[in-house]
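Counting starts at 1 for both ligands and their atoms, in listed order. Side-chain atoms are counted along with the backbone in the values below, which use heavy atoms only and exclude waters and symmetry mates.
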Amino acid sequence: MAETLFSKIVRREIPAEIVYENDEVLAFRDLNPQAPVHVLFIPKKTLATLNDATPADADLLGKLLLAAADYARQQGFAEQGYRTVVNCNADGGQTVFHLHVHLLAGRRLHWPPG
Ligand code: AMP
């Protein structure tokens, strides 16, 4: 599959403000934040969209969400609350085709998102 700039961030070939990392997951601040906290959690492994995930990726998908929750606790806003979002393909608003979980926090978020 085609490489995206997120793979380059994993390899430290382009800069990003990395805020969290473990063996399989990397997280960095979104360049165009939609909330006071807007962090993207990505698998280090390349996976284009949620549609491309298989049962073999179940553990990895869980680890992305657990990493987001871990970060929220570390940063002290877990109790106040936050939102996690995975956009998939055109109607979902996906623009970067390396699967990622958005973590948004720091303001009251509306639902539905529109
Ligand atoms: P999505 O629309 O769900 O694919 O989200 C892609 C997100 O990546 C957008 O919120 C962009 O602002 C963000 N983004 C694009 N390029 C970069 C980059 N180089 N570093 C950090 N965030 C980026």
Taking 4.0 Å as the limit for heavy-atom contacts, which would you say applies to [X] with ligand 1: side chain only, backbone only, both, or neither?
X     : value
Val85 : neither
Phe97 : neither
Asn32 : both

Report, in ascending order of atom number, the atoms of ligand 1 lying under 4.0 Å from any heavy atom of [X].
X     : value
Val96 : 4 (O), 6 (C)
Phe28 : 21 (C)
Leu5  : 16 (N), 19 (N)

Item to complete: Flag yes if Val101 and Val19 sit in one hydrophobic cluster, no otherwise; membership is Ile, Leu, Val, Met, Phe, Trp, Tyr, and two members link when side-chain heavy atoms are under 4.5 Å apart.
Response: yes
Over all atoms of both residues, closest heavy-atom pair of [X] and [Y]:
X      : Y     : result
Lys44  : His98 : O-CE1, 4.3 Å
Ala105 : Tyr82 : CB-CB, 3.7 Å
Phe97  : Asn89 : CE2-OD1, 3.4 Å

Worksheet item: Out of Thr46, Leu50, Thr49, which one pairs with Leu99 under the side-chain contact (heavy atoms from CB on, under 4.5 Å) rule?
Response: Leu50
Give me the residue, atom name and distance of the protein heavy atom closest to [atom].
atom                    : value
atom 10 (O) of ligand 1 : Asp30 OD2, 2.5 Å
atom 4 (O) of ligand 1  : Thr95 N, 2.7 Å
atom 1 (P) of ligand 1  : His100 NE2, 3.1 Å

Fill in: Derivation of the side-chain contact (heavy atoms from CB on, under 4.5 Å) call for Leu40 and Phe6
CA-CA 10 Å; Leu40 303 175; Phe6 287 1; 3.6 Å; yes
Worksheet item: Above 12 or not: heavy atoms from other molecules or residues under 6.0 Å from CG of Asn51?
Response: yes
Item to complete: Say whether Ala16 and ligand 1 are in contact under the criterion: heavy-atom distance to a ligand atom below 4.0 Å.
Response: no
Item to complete: Check whether any heavy atom of Gln34 sits under 4.0 Å from an atom of ligand 1.
Response: no
Item to complete: Before signing off on this row, confirm whether Leu31 and ligand 1 have an N or O atom pair separated by under 3.5 Å.
Response: yes
Fill in: Any N/O pair Gln94/ligand 1 closer than 3.5 Å
no
Worksheet, complete the sentence: Here the gap from Leu65 atom CG to Asp70 atom CG, rounded to the nearest 0.5 Å, amounts to 12.5 Å
Worksheet entry | Gap between atom CG of Leu26 and atom NE2 of His100 - 0.5 Å precision | 13.5 Å
